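Down below is the structure, laid out as structure tokens.
Here the structure is a predicted model, which means the values were calculated and not measured. Counting starts at 1 for both ligands and their atoms, in listed order.
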Amino acid sequence: MLFRQLFDSESSTYTYLIGDEASRQAVLIDPVLEQVERDLRLVDELGLVLTHVLDTHVHADHVTASGALRERTKCQVVAGAGGAECADLQVRHGDTVRVGACTFQVLATPGHTDDSVSYLLGERVFTGDALMVRGNGRTDFQNGDAGQLYDSITRVLFQLPDATLVYPAHDYHGHLATSIGEEKRHNPRLAGKTREEFIAVMAALNLPRPRKIDLAVPANRACGRLQPPES
Ligand code: FE2
């Protein structure tokens with residue numbers, strides 16, 4: 001299996017390229033619109049054919065490249081049910097997505113947004129903004145719910161083997177990845193914290209509104225097609 005972690009420095013977004021060496025089929029997870037040329041070049045250089053884009057949720061901080069990549073490659077866009085209406089495949093907990101010999105298992109992990117899903121591929125899990133390195137996504141917009149996120153992390157993600165590698169959609173502190181066991185022990189919002197304590201921490205964050213939210217959310221529901229401004 002080919003695996004590459006890519007970074008968009010403007011939005012601090014990680015995009016992942018996974019390719020199946022036998023069939024040459026490939027998937028991009030959470031691609032960013034501004035990085036379409038970079039990502040397609042890498043797909044091409046590795047001798048792969050892009051067959052799927054998997055989005056972990058409707059992002060608020062950047063515009064997805066899913067629609068642009070679908071136009072260029074005829075790939076299928078996969079997203080969590082209730083999120084991007086434009087997706088070819090809206091997936092739910094327990095669904096699987098096959099890309100060559102790679103089977104991605106869909107885990108519903110709502111709470112950051114209500115459409116958030118994680119994709120489990122063997123010993124790796126792509127968690128979007130549900131679980132990040134020593135952190136987690138905010139829960140104060142897009143039907144976010146701190147209690148629901150605590151349940152998604154503790155009842156779904158923390159049930160995976162401790163050695164499972166966690167690949168988030170973002171990092172702002174220089175980390176690339178983590179593991180389930182590491183986050184159980186060292187995530188400051190979760191290690192030894194009750195559901196009530198986690199909800200209190202999330203309620204007290206007082207984060208600024210994402211700069212691109214008014215543009216990104218409607219665009220991402222349409223697979224990245226930018227909406228004309230309302231007159
Ligand atoms: Fe997000």
Between F3 and Y167 (judged by ring centroids, cut-off 6.0 Å), do the two rings come close enough to count as a pair?
yes
Taking the six-membered ring for Trp, are Y14 and F7 ring centroids under 6.0 Å apart?
yes
Is there a continuous path of hydrophobic side-chain contacts, each under 4.5 Å between heavy atoms, that joins Y16 to L50?
no
Just checking: H170, one of its N/O/S atoms, less than 2.8 Å away from the Fe ion (ligand 1), yes or no?
no
Heteroatom test (N, O or S) for H59 near the Fe ion (ligand 1), limit 2.8 Å
no
Atom of D129 closest to the Fe ion (ligand 1), considering N, O or S atoms
OD2
Here the gap from T64 atom OG1 to H57 atom NE2, rounded to the nearest 0.5 Å, amounts to 10.5 Å
